[in-house]
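Before any comments, here is the structure.
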Amino acid sequence: MNLTTSTVIFRHQSDIHVGIQTVSYDRNAIGYVEQGTKLVHLADRYVTIQAGELFHLPRGTHYIENSPTDPVHPFRQTLFFYTPSDLRNDFTPPQTIATTNRLCAECHNRTGVYSYPAWPVIEEFFRSVDRFVSSRLHLSNPELTHLKLCELVQLLLTRPGCCVCRPVCQAVSSGTRSLAEVMRANVLSGASLPELAAQCQMSLSLFKTEFQRHFGCSPHKWLIEQRLIHARLQLLSSSKPVGEIARECRFNNVSHFIRLFRERFGSTPASYRNSHLTDSEN
């Protein structure tokens with residue numbers, strides 16, 4: 001999804017289950033699942049977001065599976081797409097952000113996907129957003145859309161322990177992102193190790209030491225593994241040719257990619273895709 005304006009509200013409904021889909025966001029998203037179930041696929045597992053839950057997804061590529069409750073009750077969600085600059089305003093005092101960041105300092109979430117059950121005030125807020133979008137005012141009044149985002153953030157900050165606050169507050173503050181967050185954001189970016197170290201505000205040697213301590217392997221090995229995982233999910237969620245997927249996942253040599261994929265998953269990319277398509281049809 002390529003969004004070129006500032007804050008954007010997106011309402012989505014799906015009547016059928018279409019399996020895993022690839023979505024690419026060029027900004028962060030705060031979402032709310034009204035009906036159905038949302039799966040965010042990761043390496044060898046997924047994060048489940050149930051109806052009545054908030055969630056936050058960072059910018060980048062995600063593998064999503066939206067499932068309706070039943071034929072009568074479609075999947076329904078609302079997404080607020082925002083940039084950090086959208087949140088830097090007079091409505092959000094810096095001291096509130098600092099306090100929330102301290103509360104979240106011990107969070108051990110390593111998926112980059114945050115979720116939290118909505119509470120009555122939030123549920124009413126999203127009902128008002130539904131009315132707002134249905135009126136189509138958001139199409140001609142971007143300032144009202146921005147005010148809705150500010151209102152949502154303020155409501156989130158009233159709930160101590162709401163996990164969705166962590167990435168939102170980190171987006172507002174100018175603090176250093178954690179090593180894990182930097183790496184998740186750069187799996188497909190092609191950034192060099194010195195550039196990744198700089199994003200973590202570390203020297204290259206310290207970056208490599210901390211990386212080994214945190215992930216238990218070298219940056220190169222970790223990146224190859226993550227890119228193979230992205231390739232696997234691309235095979236399952238798109239009809240793109242193998243060569244195109246290889247290039248998107250930063251494998252410039254297709255033959256080398258096929259060899260690595262077979263070593264990791266036990267079959268060639270084409271065979272892997274065909275076998276899983278056959279399984280889903282049976």
- dist Ile224:CD1 -> His256:NE2 (nearest 0.5 Å) comes out at 6.0 Å
- Among the clusters formed by ILVMFWY side chains lying less than 4.5 Å apart, do Tyr46 and Leu54 turn up in the same one? no
- Main-chain N/O of Arg59 paired with Asn28 side-chain donor or acceptor, under 3.5 Å: yes
- Item | Arg247 and Glu244 ion-paired at < 4.0 Å | no
- Query: Do the non-hydrogen side-chain atoms of Lys148 and Ser128 ever get within less than 4.5 Å of each other?
  - Reply: yes
- Item | Joint cluster assignment, Leu79 & Val23, ILVMFWY side-chain distance < 4.5 Å | yes
- Message: Rounded at 0.5 Å granularity, tell me how far CG in Leu152 sits from CG in Leu147.
- Response: 12.5 Å
- Item | From Glu210 atom CD to Met202 atom CE, the distance as rounded to the nearest 0.5 Å | 5.0 Å
- Task: Flag yes if more than 12 heavy atoms outside Phe132 fall under 6.0 Å of its CZ atom; otherwise flag no.
- Result: yes
- Item | His230 versus Arg227, side-chain donor and acceptor atoms under 3.5 Å | no
- Query: Just wondering, do Arg250 and Leu223 contact through their side chains at under 4.5 Å, heavy atoms?
  - Reply: no
- Message: Checking Thr61 against Glu248 for the side chain to side chain contact (heavy atoms under 4.5 Å, CB included) test, could you report, in this order, the C-alpha distance in whole Å, the side-chain angles of both residues, the deciding distance, and whether it holds?
- Response: CA-CA 11 Å; Thr61 300; Glu248 287 186 2; over 6 Å; no
- Query: Which heavy atom of Val164 sits nearest a heavy atom of Val168, and at what distance?
  - Reply: O-CG2, 3.3 Å
- Query: At their closest point, which heavy atom of Cys163 faces which heavy atom of Tyr114, and how far apart are they?
  - Reply: O-CD2, 3.6 Å
- Minimum side-chain heavy-atom gap Gln13-Gln35 below 4.5 Å: no
- Message: Are Ile20 and Leu57 linked, directly or through intermediate hydrophobic residues, by side-chain heavy-atom contacts shorter than 4.5 Å (ILVMFWY only)?
- Response: no
- Query: For Arg11, does the CZ atom sit with more than 12 other heavy atoms under 6.0 Å from it, leaving out its own atoms?
  - Reply: yes
- Heavy-atom nearest pair, His73 first then Pro68, reads O-CB, 3.6 Å
- Note on the structure: Interatomic distance, NE2@His214 vs CZ@Phe207, rounded to 0.5 Å, equals 11.0 Å
- Specify whether Phe251 and Phe257 have parallel, tilted or perpendicular ring planes, treating 30° as the upper limit for parallel and 60° as the lower limit for perpendicular. tilted
- Message: Just checking Asp70: does its CG atom have more than 12 heavy atoms from other residues, nucleotides or ligands closer to it than 6.0 angstrom?
- Response: yes
- Any chance the side chains of Gln50 and Thr37 put a donor and an acceptor closer than 3.5 Å? yes
- Taking Phe75 as the fixed residue, which of Val18, Val33, Thr69 is the one that meets the side-chain contact (heavy atoms from CB on, under 4.5 Å) rule? Val33
- Message: Test side chain to side chain contact (heavy atoms under 4.5 Å, CB included) on Tyr82 and Val153; report intermediate values, then the result.
- Response: CA-CA 11 Å; Tyr82 72 92; Val153 171; over 6 Å; no
- Say whether Tyr272 and Leu260 are linked into one hydrophobic cluster, either directly or through other cluster members, by side-chain heavy-atom distances under 4.5 angstrom. yes
- Query: Is there a path from Val187 to Phe261 through hydrophobic residues (I, L, V, M, F, W, Y) whose side chains come within less than 4.5 Å of each other?
  - Reply: no
- Describe, in one word, how the ring planes of Tyr25 and His62 are oriented to each other, choosing from parallel (under 30°), tilted (30 to 60°) and perpendicular (over 60°). tilted
- Message: Given 3.5 Å as the limit, does a donor-acceptor pair link the side chain of Arg76 with the main chain of Glu34, or not?
- Response: no
- Item | Audit row: Tyr116, His56, ring pair (Phe, Tyr, Trp, His ring centres under 6.0 Å) steps and yes/no | CA-CA 9 Å; Tyr116 193 82; His56 186 281; over 10 Å; no
- Message: Measuring from atom CG of Leu156 to atom CZ of Arg166, what distance do you get when rounded to the nearest 0.5 angstrom?
- Response: 15.5 Å
- Note on the structure: Heavy-atom nearest pair, Ser238 first then Arg273, reads O-NH2, 2.9 Å
- So Leu196 and Leu193, side chain to side chain contact (heavy atoms under 4.5 Å, CB included) or not? Walk me through it. CA-CA 5 Å; Leu196 293 172; Leu193 291 189; 4.1 Å; yes
- Salt-bridge contact Arg131-Glu124 (side-chain N to carboxylate O under 4.0 Å): yes
- Query: Would you call the rings of Phe81 and Phe10 parallel, tilted or perpendicular, where under 30° means parallel and over 60° means perpendicular?
  - Reply: tilted
- Item | Distance in Å, Gln154 CD paired with Glu151 CD, rounded so as to fall on 0.5 Å steps | 9.5 Å
- Quick one: closest heavy-atom pair of Phe126 and Phe80, and the distance? CE2-CE1, 4.0 Å
- Can Arg259 and Glu263 be said to form a salt bridge (Lys or Arg N to Asp or Glu O under 4.0 Å), step by step? CA-CA 6 Å; Arg259 180 176 64 79; Glu263 290 174 356; 2.9 Å; yes
- Task: Kindly check if the number of other-residue, nucleotide or ligand heavy atoms within 6.0 Å of NZ (Lys208) is above 12?
- Result: no
- Side chains of Cys249 and Leu228: does their closest heavy-atom pair fall under 4.5 Å? no
- Message: Before you tell me yes or no, could you show the steps for Thr78 and Asp130 under side chain to side chain contact (heavy atoms under 4.5 Å, CB included), namely the whole-Å CA-CA distance, both residues' side-chain angles and the distance that decides it to 0.1 Å?
- Response: CA-CA 8 Å; Thr78 301; Asp130 185 22; over 6 Å; no
- Which pair of heavy atoms, one from Arg184 and one from Trp222, lies closest together, and at what distance? N-CH2, 4.2 Å
- Message: If only side-chain N and O atoms count, and only distance matters, is there a donor-acceptor pair under 3.5 Å linking Thr7 with Thr145?
- Response: no
- State whether a side-chain donor-acceptor pair under 3.5 Å links Asp86 with Thr83. yes
